[in-house]
Number of protein chains: 2
Amino acid sequence: MSAATIYDVARKARVSAMTVSRVINGGVNVDELTRERVSAAIAALQYQVNQAARSARKGTMRVGMLCGSPGAAYLSDFLLGATDQCSQQGAQLIVEKCGDLDSQRAAAARLIENGAACLLVPPPLCDQEASIQQLDDLGVPIVAVASARPAAHIHAVRIDDYQAAKAMMHHLFAAGHSDIAFILGDPGHAPAQLRLQAYLDAMSVAGMSTRAGRLAQGGGNYRSGLTAARELLDHPERPSAIFACNDDMAAAVVSVAQGMGLRVPQDLAVCGFDDMPIAASVWPGLTTIHQPVDEMARAAVQLAIDAIRDAGRPRHRVLPYTLVQRESTTAGAAH
Amino acid sequence: MSAATIYDVARKARVSAMTVSRVINGGVNVDELTRERVSAAIAALQYQVNQAARSARKGTMRVGMLCGSPGAAYLSDFLLGATDQCSQQGAQLIVEKCGDLDSQRAAAARLIENGAACLLVPPPLCDQEASIQQLDDLGVPIVAVASARPAAHIHAVRIDDYQAAKAMMHHLFAAGHSDIAFILGDPGHAPAQLRLQAYLDAMSVAGMSTRAGRLAQGGGNYRSGLTAARELLDHPERPSAIFACNDDMAAAVVSVAQGMGLRVPQDLAVCGFDDMPIAASVWPGLTTIHQPVDEMARAAVQLAIDAIRDAGRPRHRVLPYTLVQRESTTAGAAH
DNA sequence: CTGAAAGCGCTTACAG
DNA sequence: CTGAAAGCGCTTACAG
């Protein structure tokens, strides 16, 4: 049988299609009892709005996305989540890549010209003040994704990087580590600064002043992780654990350690951040913080759609992270 | 002014909307002169079909995509191209991730249940015979993407991996290299075998029998590239160039070489394959083969849509690759 | 608070 | 080869 239409629902609830439409669209001016009858009919018939028909009437809702780092590992997951959420809502996702500020301006202009009524801005763009400022002037709402400290006047979806890094530190403490080193991320990556701050605060609160040779600057990629790891592990007194600001660098640490004949995690515990595919594919698997990229993308799209439908105060959603325990910190650890 | 509708075109061409519709849909039974009048009107008015309205009438066309390696570097570019092409054609892209054969069966079933009328199958799935066989039984057309040797009875989009690798060999020959080593890719990656074959054939045709110690097995990722590079460069007589089966491994070769104090490209030329983001981000930049991932995705979607509209003989499209010359093979080379 | 009517832009039978 | 009519499923004014 084919899908139920608004008329099926109307008949079952003994109202007009108009009233069903009102209920669906969160409309006001519907009697509470009527609303319940309609809702019950919708549930019974498993009615779903025909998005194509809706779009035919209202025009297609378009969500634009600015993409500043085309090679980013999280991007494909983000696109998966974003396109799916758009489909479900009958919206269309349009994406433009861009680099510097000038190209961003051009890309944003193209998105808007093509009908984007709201812009999604992932890192690193969402963390650059000049970038956000420029977008602000465009007159469409902005949704920052995974920004470290989103401005109050724009929408935002993120995790709490600070608390997540704290949680990781407590995991290491609980595993018996006290001499923990940290590899910093790309200086341009704002959330990385929060992670560093959490490391420093956790060490300080635990009464473990960070000794010299326990911090190394990384650049976020695997190669920079190799260099940083060598720097930390060449120290005469090795740390017992290394917390890398992301998984790529943590994977590099494991590789360097193993190259030096160290066993992970027995001789050196290693942990990362982000839970990118590499975290599960190296051996031993990396203990890390899972960022719910897919859900963040869906949430961002939903904020965008809500903002398009009825502009309201900017909303900030903080999604829960998960500490994923693998073998790089705990021998024989279960997932 | 708002976009032109089919009625605007009809009025301008002095025909009915019906006839315009026929022309748009490649319909038969239209007088040649009428068709020309209509086409002219379409061009003059810059008419574009309102996909939402069309979908409202015909139902939304859905293209399914099976995703077997969620972390793959090409995936985000592929999704970008595929979603964009789908939008333009008023189709919807739905994606399901999967792993082994059982999960593939389930994922494909879900796609079809959700309305997918054609399935896009990227690597590695499209190169596994069992995988294709299983999908064949589903009754929807299949489009293999970047398959090495696509079966004749399914649609396919790819580049000519063999010719591309040959071209790379000729580039190296032209740069004065004759003692060239090769790092093999993931054994499960079928196109990698074509690249190896091209290397072997090119060496043989050039009269340069491959000496011992000139082949190293890699796994496709950066780490395996490190190991393979060390193996090749520890040989008492070093090769003058290394051709890695993909960019990740080529980047690793550069790193190992530089760690040994070798200058790239003066002491060692290095090249990769695929033109992933890493190829441009390392120093020196990697000479590599550009795969037009975006266009391949668009072409795949178009084949899918054509197959849905009117099932015909399977079509195989071979897209042009590009040899991208960067600094890793030629000192001071321009892009 | 609720509904009858008209229309979004296109396509599907059905005539001629 | 061409067109008038009806309808896809929904929403937008407009009444009441």
Side-chain angles (χ1 to χ4, degrees), chain A residues 1-39 41-42 45-62 87-92 115 305 308-310, chain B residues 1-39 41-42 45-62 87-92 115 305 308-310:
Chain A
M1 93 275 145
S2 60
T5 74
I6 201 171
Y7 295 105
D8 299 325
V9 176
R11 195 176 320 119
K12 188 165 185 94
R14 283 168 294 125
V15 296
S16 71
M18 183 63 256
T19 298
V20 177
S21 177
R22 280 200 189 87
V23 172
I24 293 167
N25 295 289
V28 284
N29 289 356
V30 181
D31 183 87
E32 199 45 51
L33 259 65
T34 310
R35 182 191 305 280
E36 273 168 28
R37 274 218 318 285
V38 171
S39 299
I42 287 175
L45 264 35
Q46 302 191 54
Y47 169 71
Q48 302 206 96
V49 178
N50 179 325
Q51 299 289 1
R54 174 181 278 180
S55 294
R57 201 68 188 71
K58 309 183 65 164
T60 301
M61 193 183 294
R62 268 178 260 260
S87 295
Q88 280 179 33
Q89 299 291 316
Q92 225 174 61
I305 290 176
I308 295 172
R309 289 216 181 106
D310 33 50
Chain B
M1 94 272 149
S2 60
T5 73
I6 200 170
Y7 294 106
D8 299 326
V9 175
R11 195 176 319 119
K12 187 165 187 93
R14 283 169 293 124
V15 296
S16 72
M18 182 66 257
T19 298
V20 178
S21 178
R22 280 199 189 88
V23 172
I24 294 166
N25 295 289
V28 283
N29 289 357
V30 181
D31 183 86
E32 198 47 50
L33 260 65
T34 309
R35 182 191 306 279
E36 272 168 28
R37 273 218 317 287
V38 171
S39 298
I42 287 175
L45 266 35
Q46 302 191 54
Y47 169 71
Q48 300 207 96
V49 178
N50 178 325
Q51 299 290 359
R54 174 181 277 179
S55 293
R57 200 69 189 72
K58 310 183 66 164
T60 302
M61 194 182 294
R62 266 176 262 261
S87 294
Q88 279 180 31
Q89 299 290 318
Q92 225 174 61
I305 289 176
I308 294 172
R309 289 217 180 106
D310 34 47

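Letters go in sequence order (proteins before strands), and every chain restarts at 1.
- Between chain B and DNA chain D, the heavy-atom contact criterion of under 4.0 Å yields a 5' to 3' nucleotide range of D:dC1 to D:dC8.
- Side-chain N or O atoms of A:Ser39 include one that pairs as donor or acceptor with a backbone N or O of A:Arg35 at under 3.5 Å.
- Side-chain contact between A:Thr19 and A:Ser16 is present, with at least one heavy-atom pair separated by less than 4.5 Å.
- Residues from residues 5-23 of chain A placing a heavy atom under 4.0 Å of any atom in DNA chain C, listed by number, are A:Val15, A:Ser16, A:Met18, A:Thr19, A:Arg22.
- We find the CD1-CE distance between A:Ile6 and A:Met18 to be 7.5 Å, quoted to the nearest 0.5 Å.
- Residues satisfying the side chain to side chain donor-acceptor pair (under 3.5 Å) criterion with B:Arg62, sequence neighbours excluded, are B:Gln92.
- Under the 3.5 Å distance criterion, the side-chain polar atoms of B:Ser21 are left unmatched by any main-chain donor or acceptor of B:Ala17.
- Across all strands shown, A:Asp31 has heavy atoms under 4.0 Å from sugar-phosphate atoms exclusively, and none from any base.
- For the atom pair OG1 of A:Thr5 and CG of A:Leu45, the computed distance is 8.5 Å after rounding to the nearest 0.5 Å.
- Side-chain N or O atoms of A:Ser55 include one that pairs as donor or acceptor with a backbone N or O of A:Gln51 at under 3.5 Å.
- Residues meeting the side chain to side chain donor-acceptor pair (under 3.5 Å) test with B:Gln48, sequence neighbours left out: none.
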*asked:* Please convert DNA chain C into dot-bracket. A pair counts if it is Watson-Crick or G-U wobble with both distances under 3.5 Å; crossing pairs go in [ ] and bases paired with another strand get |.
replied: |||.||||||||.|||
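- Here the side chains of A:Arg54 and A:Ile24 are in contact, with some heavy-atom distance below 4.5 Å.
- Counting any heavy atom pair closer than 4.0 Å across all strands shown, A:Asn50 reaches sugar-phosphate atoms only and no base atom.
- Contacts of A:Thr34 with the nucleic acid, taken as non-hydrogen atoms under 4.0 Å apart, involve only primed sugar atoms and P, OP1 or OP2.
- Mapping B:Arg57 and A:Ala53 onto DNA chain C via the closest heavy atom, the residue that lands nearer the 5' end is A:Ala53.
- A search for salt bridge (charged side-chain N to carboxylate O under 4.0 Å, His left out) contacts involving B:Arg11 returns B:Asp8, not counting sequence neighbours.
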